[in-house]
Amino acid sequence: MSANHPISFNVISSDLKKASADALVIGVGKGADGAVLLDSPLTASTVKSLKESLAALGVTGDADQLVRLPGLPDTGAKVLVLAGVGKLAGTEITEESLRRAAGSAVRQLAGLAHVVLALPTTAVEQVSALAEGAALGAYQYDSLHSNKAGNKAAVAKVTIYSALAKDPKLAAALLRASTVAKAVNATRTLVNEPPSRLYPATFAEAAKDLAKGLPVKVTVMDEKRLLKDGFGGIMGVGQGSSRPPRMVKMEYKSDKAVADLALVGKGITFDSGGISIKPGAGMITMKCDMAGAAAVLNTVLAVAELGLPVNVTGWLCIAENMPSGTAIRPSDVLTILGGKTVEVLNTDAEGRLVMADGLVAASHEFPDVIIDVATLTGAQVVALGHRTAAVMGDDGVSAALKAAADRAGELIWPMPLPEELRPSLDSPVADLANIGERMGGMMTAAVFLQEFIGKDKNGETIPWAHLDIAGPAFNEGAPYGYTPKQGTGMAVRTLVAYVEDVVARSNQR
Ligand code: BES
Ligand code: MN
Ligand code: ZN
């Protein structure tokens, strides 16, 4: 599996010319009365002439706008680049607009080796947002094109120009930014891999490979073990494929742990729909159906690499959903781990079947909280579009995830879990059917998952929330900000931020 090359960072607060970079990037905001040149290290006279030219240059300050000018004498770079940061709300520029502007610039400047980012920063968090955005924007999938001559190499070196260069908190913030970006980029690569290369056995191998050198124990359960131990959901979904399923358990334990967290991810390496086969057009993006498991995998690794004081267990529920003579049929009944039975009325509602096993397995270890991540429903995309994920579950966990997403710069939105949807999942032959009310199908799927959340040692239901990332996990459109085409790495940043928030809250107590 190809690894993305990390970019190198440094931060300077003077000697711009000595940097002798390929490009100097400065910011332009979109103000109420047109483009606004943001603070930069350029001399007053350069700033004055630039300001006079902005309108004639067609510079608007819109996000993703990138205008290249010749490198002026005081830039010390071959080109001067004006990068849009989008609408300005007051004087503060949000961390996310800096992250996006840095990502967009670095992405669009591929082909150049060394880029200086001189966007305004007044807090360490803003510097690390620039670094994170740049590392995300530099991502490239090492594609399978036979002729790569026309490919532009990703930017290899980024220098951030900031007055905060000597701030004592900077080193840790930059390390966090590059660790998180590495986790997001590794998630993207797993999603981008074609299913001919990434199938259950190779996905499990990739989990082991990526964990090498980190204090993470990886246990791969193969089909014999899954059959023996009663993982009927994963086995059922995987039985139509020539490539048998896997459950991968990834454990990180800290001796200073303040909480025990379980993460469960949907890992369908290809979702054809099975016997209830998808129409051709709906199948095209279905290599992305393991994005939840890839996000869980890389979140566990990032948390371990950052040495956060928590225990985290990731459960990757991995199978390939294929039609064949051995595939499950509509009306077959599966027995999920723990004994609940499910009548499969639609083999394309397979995510909830593999996740049921994962949620039960996670519950058996009595974690303080369970969070699951899945590209679960087309209805999620209809409800919230291509960029916003949904969170459903217990109010406390959902609110904490929403707050973490806001801080991390990912879009998630809370949705309800209406009780009245539960009877729509009744089956005449089993405990549950795998499909129910079609309208609001995202919530129906979440209500199904809820049935498999176990109880803690006091008999209370374990706190839980579910992230449906069907829309934002995969970008079918053009790249924007730091988001490339195809796999986006959705949910990793939210999950890492959530774990950090759990730690911060326990420190306040
Ligand atoms: N993997 C799909 C959901 C999906 C759709 C993810 C679009 C990403 C983009 C899931 O397994 C699925 O097929 N769900 C069905 C459920 C239905 C049969 C109840 C769906 O949404 O149509
Ligand atoms: Mn499906
Ligand atoms: Zn699926």
Side-chain angles (χ1 to χ4, degrees), residues 191-192 195 198-200 203 233-234 236-241 245 264-295 316-323 327-332 334 342-358 372-390 392 415 421 424-425 427 432-449 466-477 486-488 490-491:
V191 171
N192 292 343
L198 189 109
Y199 48 90
F203 192 4
I234 297 182
V237 171
Q239 78 187 40
S241 170
V264 182
K266 172 176 174 182
I268 300 298
T269 57
F270 185 71
D271 182 11
S272 69
I275 296 292
S276 315
I277 197 161
K278 287 181 184 294
M283 215 187 282
I284 288 174
T285 62
M286 282 303 127
K287 69 174 181 181
C288 85
D289 215 19
M290 34 57 70
L316 318 184
C317 311
I318 307 176
E320 186 182 49
N321 188 22
M322 295 291 276
I328 39 169
R329 292 154 284 256
S331 76
D332 275 355
L334 302 177
V342 178
E343 184 186 17
V344 178
L345 292 178
N346 189 320
T347 66
D348 197 13
E350 85 298 338
R352 59 197 78 182
L353 300 171
V354 302
M355 294 298 279
D357 274 342
D372 81 72
V373 194
T375 47
L376 203 62
T377 64
Q380 193 281 324
V381 196
V382 176
L384 290 170
H386 289 294
R387 297 195 186 181
T388 305
M392 287 151 280
M415 287 295 200
L421 288 174
S424 76
L425 291 163
S427 156
L432 285 160
N434 80 329
I435 54 170
E437 171 59 46
R438 208 172 76 82
M439 296 298 161
M442 165 179 61
M443 300 180 294
T444 311
V447 166
F448 180 95
L449 295 184
H466 157 63
L467 290 171
D468 193 336
I469 60 168
F474 199 78
N475 178 21
E476 289 178 64
Q486 304 230 343
T488 63
M490 178 72 196

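Indexing begins at 1, ligand by ligand and atom by atom, following the structure's order. Here the structure is a predicted model, which is why all the values come from computation and not from measurement.
The Mn ion (ligand 2) has no N, O or S atom of D289 under 2.8 Å away, backbone or side chain.
Of the angles at the Mn ion (ligand 2), the one spanning OD2 of D271 and OD1 of D348 is 100° when given to 10°.
Checking L425, L345, I328, L334 one by one against N434, the side chain to side chain contact (heavy atoms under 4.5 Å, CB included) holds for a single residue, L345.
For ligand 1, the polar-atom distance check against T377 finds no nitrogen or oxygen pair separated by under 3.5 Å. Taking any N or O of E350, backbone or side chain, at least one lies under 3.5 Å from an N or O belonging to ligand 1.
Looking at heavy atoms from C-beta onward, S272 lies out of side-chain contact with M286 at the 4.5 angstrom threshold.
Residue-ligand proximity: M283 is placed with every non-hydrogen atom at 4.0 Å or more from ligand 1. For R438, the closest heavy-atom approach to ligand 1 does not fall below 4.0 Å.
The presence of a protein heavy atom under 4.0 Å from atom 22 (O) of ligand 1 is ruled out.
Among protein atoms, those of element N, O or S found less than 2.8 Å away from the Zn ion (ligand 3) are K266 NZ, D271 OD2, D289 OD2, E350 OE2.
Looking at Q380, its side chain does come within 3.5 Å of a backbone N or O of T388 through a donor-acceptor pair. At least one donor-acceptor pair under 3.5 Å links the side chain of D357 to the backbone N or O of I234.
For atom 10 (C) of ligand 1, the nearest non-hydrogen atom of the protein is L376 O, 3.3 Å.
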